[in-house]
Amino acid sequence: MRIGVMGTGAMAAALGGAWARAGHEVFVGGRDTAAAAALAARTGAAGHGSLAQAAAYGEAVLLAVPAGRAPEVAREHAAALAGRTLVDCANALEPGPGGVVLATGPGTSVAALIAAAAPGAHVVKAFNLARADMWDRPPVRHDGAAPTVPFCADDAAAGARVAELITGTGWSPVPAGGLDRAAYLEATAAFVIGVWWAGGSPRLAFPEPPRAAA
């Protein structure tokens, strides 16, 4: 798959590198083209250049810029992003009096704001629950099962494309509904990150009941 990566930060490096290792053709674009060139060299990407070039590069595009800038960047490149699968991995979080909270306000999500800014793109919310460094190594399996990546998508083809990207890195895709449910994924990130910062393990908060014998 041809994938444009918009951004040069931690998630751009982590996911772009993972997809390049999985055999995809990755192009890194950034406002700082020197940073994009350095990241492309480090991750084994096929090319590098500007954000505009990354937006127009492939059938899938990763928008890996800070959450507060993501809708603006999507709006700037809306024409190039039209018809493409646009992956949003951002979490708009800020500290609150009782812990980590969402910065988007009630009733919306980063993914929804991006979709409104680039209405022709097929936005998929994914990859927002695992830290960047989790993509630098093979996934840790639990009881023989691969870790999961929930994703939200309105467009079936875009969802299938992201599921392919997830599976190719050794993780397991979990469809979590349409883009109207992306706010739940972002709220889950606020919970999970808050538990991490408190020194706990969010995995232990979701024990599964025993499965009935077949």
Side-chain angles (χ1 to χ4, degrees), residues 1-33 35-37 39-40 42-92 109-128 130 132 135 149-169 171 173 178-179 182 185-186:
M1 194 184 304
R2 285 167 58 92
I3 307 167
V5 173
M6 300 177 72
T8 57
M11 286 300 288
L15 289 172
W19 293 333
R21 291 191 298 274
H24 298 292
E25 187 178 319
V26 176
F27 183 99
V28 178
R31 290 190 186 277
D32 182 343
T33 55
L39 181 56
R42 191 165 82 245
T43 58
H48 58 84
S50 66
L51 287 173
Q53 288 174 292
Y57 184 73
E59 57 263 46
V61 179
L62 172 69
L63 184 57
V65 299
R69 286 187 52 228
E72 173 193 351
V73 173
R75 185 175 294 107
E76 290 175 359
H77 302 282
L81 293 169
R84 304 181 197 274
T85 297
L86 181 59
V87 183
D88 161 39
C89 64
N91 293 309
S109 65
V110 178
L113 295 173
I114 291 170
H122 303 304
V123 178
V124 180
K125 184 77 190 188
F127 302 104
N128 71 310
W135 301 99
V149 177
F151 68 92
C152 294
D154 285 341
D155 183 82
R161 190 166 285 128
V162 170
E164 179 184 345
L165 291 175
I166 294 167
T167 302
T169 57
W171 294 59
L179 207 62
L185 281 188
E186 295 177 16

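No hydrogens, no waters, no symmetry mates; every other heavy atom, side chains included, goes into these values.
A search for side chain to side chain contact (heavy atoms under 4.5 Å, CB included) contacts involving Tyr57 returns Arg2, Glu25, Phe27, Ala46, not counting sequence neighbours. With sequence neighbours left out, the side chain to side chain contact (heavy atoms under 4.5 Å, CB included) criterion links Thr169 to Ala18, Trp19, Trp135, Trp171. With sequence neighbours left out, the side chain to side chain donor-acceptor pair (under 3.5 Å) criterion links Thr33 to no other residue.
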For the pair Val87 and Phe151, evaluate side-chain contact (heavy atoms from CB on, under 4.5 Å) and give the outcome as yes or no after the intermediate values. CA-CA 10 Å; Val87 183; Phe151 68 92; over 6 Å; no

Could you go step by step and tell me if Leu165 and Ile3 meet the side-chain contact (heavy atoms from CB on, under 4.5 Å) rule? CA-CA 10 Å; Leu165 291 175; Ile3 307 167; 3.5 Å; yes

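Heavy-atom minimum distance, Val110 versus Ala92: CG2-CB, 3.6 Å. Val5 and Ala12 make their closest contact through CG1-CB, 3.6 Å (heavy atoms, listed as atom of the first residue, atom of the second, distance). Taking all atoms of both residues into account, the shortest heavy-atom contact from Ala36 to Gly49 is CB-O, 3.6 Å. Of all heavy-atom pairs between Val124 and Ala158, the closest is CG2-CB, 3.8 Å. The shortest heavy-atom contact between Arg84 and Ala56 is NH2-O, 3.3 Å. Residues Leu39 and Gly7 share a closest heavy-atom pair of CD2-O, 4.1 Å.
Sequence neighbours left out, the pairs with a member in residues 111-128 that pass side chain to side chain donor-acceptor pair (under 3.5 Å) are Asp88-Lys125, Asn91-Asn128, Lys125-Glu186. Applying the side chain to side chain donor-acceptor pair (under 3.5 Å) test to every pair with at least one member in residues 153-168, sequence neighbours left out, gives these pairs: Thr85-Arg161.
Separating the CG atom in Leu179 from the OG atom in Ser109 is a distance of 6.0 Å, to the nearest 0.5 Å.
Between Met6 and Val61, the closest side-chain pair of non-hydrogen atoms falls below 4.5 Å. Between Leu86 and Ile114, the closest side-chain pair of non-hydrogen atoms falls below 4.5 Å.
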Distance-only criterion, 3.5 Å: show the donor-acceptor pairs between side-chain atoms of residues 62-77 and protein atoms not counting sequence neighbours.
residue : atom : partner : partner atom : Å
Glu76   : OE1  : Arg31   : NH2          : 3.3

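At least one donor-acceptor pair under 3.5 Å links the side chain of His24 to the backbone N or O of Met1.
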